[in-house]
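To start, the structure under review is shown below, and the notes come after it.
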Amino acid sequence: MTQLALVIDLNVCVGCHACVTSCKEWNTAGTAGPLTDQNPYEKDPTGTFFNRVQTFEVGVYPDTQTVHFPKSCLHCEDPPCVPVCPTGASYKRAEDGIVLVDADKCIGCKYCAWACPYGVRELDQQEKVMTKCTLCVDRIYDASLPERDRKPACVLACPTNARLFGDIHDPASAVSSAIRDNGGYALMPEWGTHPANHYLPRRKTEFRIHPDELKRVDNPLKVDGKLPKPAPGEPALDDVTTW
Amino acid sequence: MNPAWSVIFLTTLLGAGQGLFLALYAIDVGAANGLLALPGPTFYVGGATLALALLVTGLFSSFFHLGRPERAWRSAAKWRTSWLAREVIVLPAFMGAVFAYGAAHQLQAGDRICLWVGAAGTVLCIALFVCTAMIYACLKFLQEWHTTLTPLNYFLLGSASGFTLASVLAALVAPHAVNQLAIAALVLGALAYLGRLAALRRNARLRPMSSLATAIGVKHPHIEQKAQGFMGGSFNTREFFHGRTRETVRAVRWALLVLVFPVPAVMLGVSGENAFLLGAAFALQYVGLLAERWYFFAEANHPQNLYYQAIS
Ligand code: SF4
Ligand code: SF4
């Protein structure tokens, strides 16, 4: 069985919010839209988004690390938000594991949002129905798009390629190997929701310098050393002319 | 959570209506077994009408909770999995039973029929208590709610207020039943109070299962949010936190501790058959129950709040 999901690499996310804006742009005009805004240019602007990027500081100053953390529906394999929905508006697709809301059935009771521990469902204030990430279900299967564009808008927008998209049940997929090889993990595993989306942890980026890189052992002319200094008064425009 | 008045009124009004029905039926059973003098049909018919009025008002208030109330008819569909859908089915069934019970007494249909209809109503009444409470108790990561004390307290608090209301009614139309009803209201009130105290105590000692470390998956004891991703509010900042000061919350807690049982208990004790005093006891207890329900929602900490600790 297929389970489509995002794998988000926290090691390369730079917190630019490109995924947030491209998501909003695509989905406000797509089948899940509109995602309305209230007071967009006034005091206290607010609106519906499927995806948010948050920033956390780990550690105590000065030994801190900044973690940019994109958050959207995790398309849980055992989604607590689905069985509680009284109307059946919230459902999980059997064929690809995407969790969706049928906007025509939703009564806006908010129960599913209460039942999601991750806070990724948002009730649209104007439409009065529940909204959430659809994994861009209206574009990933769109045969009129070129193959390489059949991905969620956020994945295509990410400038650092921090977002991978694929089937985590296919052991050969890029997302599965990323989870396997790079320590992919799920959020709040304590609630047994089995989120399909995974996150890749920050990794230590080390710059190793070996002695033979400082002093070239294979230097044939054996002339490595200090550069000759121009005598005072001699022209020294730059390194090249002093040679 | 951010307490919603629609849900507070829904649950407290239903509770009082259900409790009132249970009180009517208890008197009915007692009278049929010769334990008390038989009150006239006015007591039952008036009681059933009052109970129905409470249920209808509660149902009406619940519509204000919905974004799309015009589609409310859809909400019974998933009764196999959703306690909310089950409540949506059981509530009208129970209303029907209360109506039938009142009608049976009005038409003097005879003891046997009244008792059978009442028995069916009692089953539905208990089922409704369970459905209403399980809507909250089944959410396991709302740890404050995920306990058997939740259905127990919904049952006891609702019954206590219903019996208090029944004693007011009895003072007006069946004075000889006032004593028994007031005593039953006192016992149920005491049990409800104990149950609520137990829940308060349990919740004060809860240790949250989720933390920022599990929320973002970074295993470090010191994590601080620097930005939640937006400057203005969102559904997430409005729906899941009450946004009141600690003092307000503490004041509501005191209101519930004083008004749910101690004050009405004293009034029930001294009022005898005085309908006015009994009515005041019910009114104060109902205010206490509103405070109780507000606090019930406010005290629940949703794990999603972990993601919304700092604006920027
Ligand atoms: S992340 Fe929340 S909304 Fe998405 S499937 Fe899981 S429980 Fe449901
Ligand atoms: S808000 Fe809509 S999708 Fe969510 S539980 Fe209610 S009816 Fe279902």
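Because the structure is a prediction, the values reported are computed rather than measured. Letters go in sequence order (proteins before strands), and every chain restarts at 1.
To the nearest 0.5 angstrom, B:L66 atom CG is 9.5 Å from A:C106 atom SG. Here the CG-OG1 distance, from B:N236 to A:T46, works out to 9.5 Å after rounding to the nearest 0.5 Å. In this structure, the separation between CD on A:E57 and NE2 on B:H220 is 10.5 Å, given to the nearest 0.5 Å.
Looking at A:A89, there are no atoms closer than 4.5 Å to chain B (heavy atoms on both sides), in backbone or side chain. Heavy atoms closer than 4.5 Å to chain B are found nowhere in A:P201, neither backbone nor side chain. In this structure, chain B has a heavy atom under 4.5 Å from the side chain of A:H17, while its backbone stays farther away. At a 4.5 Å heavy-atom cutoff, the contact between A:K71 and chain B is made by side-chain atoms alone. A:V60 touches chain B through backbone and side chain together, each having a heavy atom under 4.5 Å away. Contact of A:Q38 with chain B is not made at all, since no heavy-atom distance falls under 4.5 Å. There is no contact between A:V20 and chain B, counting heavy-atom distances below 4.5 Å.
Highest contact tally toward chain A, considering only B:Q309, B:R86, B:Q304, B:R80, is held by B:Q304 [criterion: heavy-atom pairs under 4.5 Å]. Heavy-atom pairs under 4.5 Å with chain A peak, among B:A77, B:S211, B:A85, B:G217, at B:G217.
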Any chance you could lay out the side chain to side chain contact (heavy atoms under 4.5 Å, CB included) test for B:R71 and A:K105, step after step, and finish with the verdict? CA-CA 7 Å; B:R71 298 180 183 165; A:K105 279 191 191 163; 5.9 Å; no
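Proximity of B:T214 to A:E190: side-chain heavy atoms (C-beta onward) are separated by under 4.5 Å at one or more points. Side-chain contact between B:W83 and A:V84 is absent, with no heavy atoms from C-beta onward closer than 4.5 Å. B:S210 is listed as a side-chain neighbour of A:W191, based on a closest heavy-atom distance under 4.5 Å. Residues B:E239 and A:K110 have side chains in contact (heavy-atom distance under 4.5 Å, counting atoms from C-beta outward). By the 4.5 Å heavy-atom criterion applied to side chains, B:K226 and A:F56 are not counted as neighbours. In this structure, the side chains of A:C109 and B:L84 come closer than 4.5 Å at one or more pairs of heavy atoms. In this structure the side chain of B:R68 reaches within 4.5 angstrom of the side chain of A:V129, judged on heavy atoms. In this structure, B:F141 and A:P80 have side chains that are in contact, with non-hydrogen atoms separated by less than 4.5 Å.
A donor-acceptor distance shorter than 3.5 angstrom exists from the side chain of B:H222 to the backbone of A:G59, with no hydrogens or angles considered. Using modelled atom types, no side-chain atom of B:R74 and backbone atom of A:I107 make a donor-acceptor pair closer than 3.5 Å.
More than 12 heavy-atom neighbours from other residues, nucleotides or ligands sit within 6.0 angstrom of OH on A:Y185. Surrounding NZ of B:K78 are at most 12 heavy atoms belonging to other residues, nucleotides or ligands under 6.0 Å away. Counting non-hydrogen atoms of neighbouring residues, nucleotides and ligands closer than 6.0 angstrom, the CZ atom of A:R180 exceeds 12 such neighbours.
Scanning all heavy atoms of the two residues, the minimum distance from A:A115 to B:L139 falls at CB-CD2, 3.7 Å. Looking at every heavy atom in both residues, A:R52 comes nearest to B:S234 through NH2-CB, 3.3 Å. Residues A:M188 and B:A215 share a closest heavy-atom pair of CE-CB, 3.9 Å. Taking all atoms of both residues into account, the shortest heavy-atom contact from A:Y111 to B:M134 is OH-O, 4.2 Å.
Aromatic ring pairs are classed by plane angle as parallel below 30°, tilted from 30° to 60° and perpendicular above 60°; the pair A:F69 and B:Y307 is parallel. Using the six-membered ring where Trp is involved, A:W114 and B:W145 have ring planes that are tilted, between 30° and 60° apart.
Against chain A, no residue from residues 6-13 of chain B qualifies, as none has a non-hydrogen atom under 4.5 angstrom away.
No cation-pi contact links A:R121 to B:F235, judged by a cut-off of 6.0 Å to the six-membered ring centre and 45° from its axis.
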